[in-house]
Amino acid sequence: MGSRSFPRMKSITAIYPGSFDPVTNGHLDLIARGARIFDRLVVAVLQNLEKEPLFPAPERVQMLRQVTSEWANVEVDLFDGLLVDYVRRQNAQVILRGIRAVSDYEYELQMALMNRKLEPRLETVFMLPSETYSYLSAKLVREIAQLGGPLTGLVPPIVEERLRAKMA
Ligand code: PNS
């Protein structure tokens, strides 16, 4: 019997790393797309950011867990140190990243090639979030929240509540 007669047994784990300060509807759109393609998707929250985060890491994780609870194959975890080391510890094969616009491409290319240099067996897979979110970033969300602007449609309702509470 040829190998084509057998189902594919290999299960693919993808790591979706980021700061998620806070999770936005753009991140969620990408998580939904990733969860459809990969067997297991781990959303990996970078613990120590270069800049002081608005939300401490455990709170970023908690919000992500709440808004991703509908997907049985999505997990949320904290990581620190080199991403490739974390990916190896998770036995993952793929790093998932979103590209919103051409402006994201240069930074993402640089990271993907550096991660490939560090771990040649890894593949970075880029997905496009819905064009509805092409202008959306966590940085702008933080700025709008700080200035008291409307956040509806940009972040999940529970994140909106946390942002409002933080700014109050
Ligand atoms: O959401 P962000 O801030 O764009 O995510 C950036 C992130 C977390 C993916 C990147 O900073 C990262 O992987 N940091 C871990 C440290 C590391 O491995 N650095 C080398 C990357 S080539």
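We're numbering straight along the sequence, starting at 1. For ligands, and for the atoms within them, numbers begin at 1 and follow the listed sequence. Excluded from the calculations below are hydrogen atoms, water molecules and symmetry mates; all remaining heavy atoms, backbone and side chain alike, are included.
- When hydrogens are left out, the protein atom nearest atom 6 (C) of ligand 1 is Y107 OH, 3.8 Å; that is the closest non-hydrogen contact.
- For ligand 1, the atoms sitting less than 4.0 Å from at least one non-hydrogen atom of M114 are 22 (S), numbered in the order shown with element in parentheses.
- Ranking the protein heavy atoms by distance from atom 21 (C) of ligand 1 puts N115 OD1, 3.9 Å first.
- Ligand 1 lies nowhere less than 4.0 angstrom from a heavy atom belonging to A138.
- Regarding atom 20 (C) of ligand 1, its nearest protein heavy-atom neighbour is L82 CD2, 4.2 Å.
- Considering L46, L118, D21, V45 only, the shortest heavy-atom separation from atom 8 (C) of ligand 1 involves L46.
- Near G81, with a cut-off below 4.0 Å to any heavy atom, the atoms of ligand 1 are 15 (C), 16 (C).
- Less than 4.0 angstrom separates some heavy atom of G18 from each of these atoms of ligand 1: 1 (O), 5 (O), 8 (C).
- For atom 18 (O) of ligand 1, the closest heavy atom belonging to the protein is L83 N, 2.8 Å.
- Considering only non-hydrogen atoms, atom 2 (P) of ligand 1 lies nearest to S19 out of S19, A44, A112, P17.
- Of the protein's heavy atoms, R97 NH2, 3.0 Å lies nearest to atom 4 (O) of ligand 1.
- Atom CE of M114 is surrounded by 12 or fewer heavy atoms from other residues, nucleotides or ligands within 6.0 Å.
- No more than 12 heavy atoms of other residues, nucleotides or ligands sit less than 6.0 Å from atom CD of E143.
- Ranking the protein heavy atoms by distance from atom 10 (C) of ligand 1 puts M111 SD, 3.9 Å first.
- When non-hydrogen atoms are compared, ligand 1 lies under 4.0 Å from neither the backbone nor the side chain of Q110.
- Between the R60 side chain and the P22 main chain, no donor and acceptor come within less than 3.5 Å of each other.
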